[in-house]
Amino acid sequence: MLLVDDLLLKPFVSMLDILHAMVLEEIHDVSAIRDNIKENQLLYELGERARPEYEQRKLELETRLEVAEQVHEKLIGGNIEVQ
Amino acid sequence: MSDNPNLYVYGITEQTDIELTVDGVGDGSTLRTVEYRSLAALVTDIDTTDPDRSDEAVAAHDSVLQSVIERDEVETVVPMGFGMAFKNARTLKGVMRGARRALRKALNDVEGCVELGIKLVDPADGGTDPDELRERLESDLDPLSAGQTDDDLFSDRLVANRSYLVEQDKRDAFDDAIDAIDSDYEDVLVKYTGPWAPYNFVDIRIGAEASH
């Protein structure tokens with residue numbers, strides 16, 4: 001439905017642009033990354049994840065979150081174009 | 001800190017004689033109250049009306065509230081969300097005047113209570129019955145609490161994530177019930193936290209627009 005809605009609302013946007021945006025949304029899912037950050041913290045606090053592993057994962061996730069937030073902002077602003 | 005500092009608000013209580021040394025938001029170090037009628041805002045000085053929402057700042061906000069509710073003479077605290085800062089006491093009192101009814105209602109709703117949190121985490125190899133665990137929580141903990149919320153299950157391994165509003169005089173019984181669950185389900189990881197100010201049971205953000 002999202003695809004059809006988008007095509008109806010933005011008839012001049014190409015199918016490729018829409019698919020590209022959907023893939024980016026999927027890859028850079030901000031709320032999923034935030035959930036992963038919380039899970040990492042919880043497993044560390046429960047002693048199931050050692051500190052080095054926790055720290056490394058935290059850094060990775062925070063970097064991914066930063067990128068995802070930037071992508072999300074650009075998607076909202078319509079500033080991402082298919083190269 | 002400047003000569004005319006702004007005020008950062010952590011929560012609202014009814015006790016007026018509070019003065020504590022704390023590690024507050026934005027380097028605020030002395031927690032005191034600003035009163036309007038029977039309401040008292042818990043504040044520290046701060047240089048800005050728009051504090052940065054860093055992990056450290058949010059932790060400082062929580063930590064200050066926790067140090068207040070651990071004091072015997074403080075019966076009830078209505079917590080504010082992070083970031084409530086005001087230009088001066090006069091502005092804050094004006095906002096308290098406007099929100100007086102909502103604040104009084106919130107104080108009544110959580111009177112004498114604290115918030116306790118429990119997370120039950122499935123072991124890495126699985127094997128627990130989530131429905132059975134949730135039923136156990138409901139049957140053992142719900143009767144000991146004045147309210148419950150089901151919070152975000154942010155991990156596939158998180159079987160339950162609940163917050164409970166518990167009267168101070170029922171905390172021992174609540175602790176015992178948690179211990180019993182913990183020992184009956186040895187494989188399940190139990191994270192029991194609190195006491196917290198009752199964030200999940202009041203929803204008040206005062207004067208965000210008026211703070212600048």
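By convention in this document, chain letters (A, B, ...) are assigned in the order of the sequence lines, proteins followed by strands, and residues within each chain are numbered from 1.
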Legend entry - B/Asn88, CG atom: more than 12 neighbouring heavy atoms under 6.0 Å: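 Enclosed.
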Inset, instruction - Look at atom CG of B/Asp176 and say whether more than 12 heavy atoms of other residues, nucleotides or ligands are closer to it than 6.0 Å. - result: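 Yes.
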Legend entry - Proximity breakdown for B/Leu153 and chain A, heavy-atom pairs closer than 4.5 Å: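 Contact with chain A: none, neither part.
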Could you list every donor-acceptor pair linking chain B to chain A (distance under 3.5 Å, backbone and side chains)?
from	atom 1	to	atom 2	distance (Å)
B/Asp152	OD2	A/Lys38	NZ	3.1
B/Ser155	OG	A/Glu39	OE2	2.4
B/Arg157	NH1	A/Glu48	OE1	2.5
B/Arg157	NH2	A/Glu48	OE1	2.8
B/Arg157	NH2	A/Glu48	OE2	2.8
B/Lys191	NZ	A/Glu45	OE1	2.9

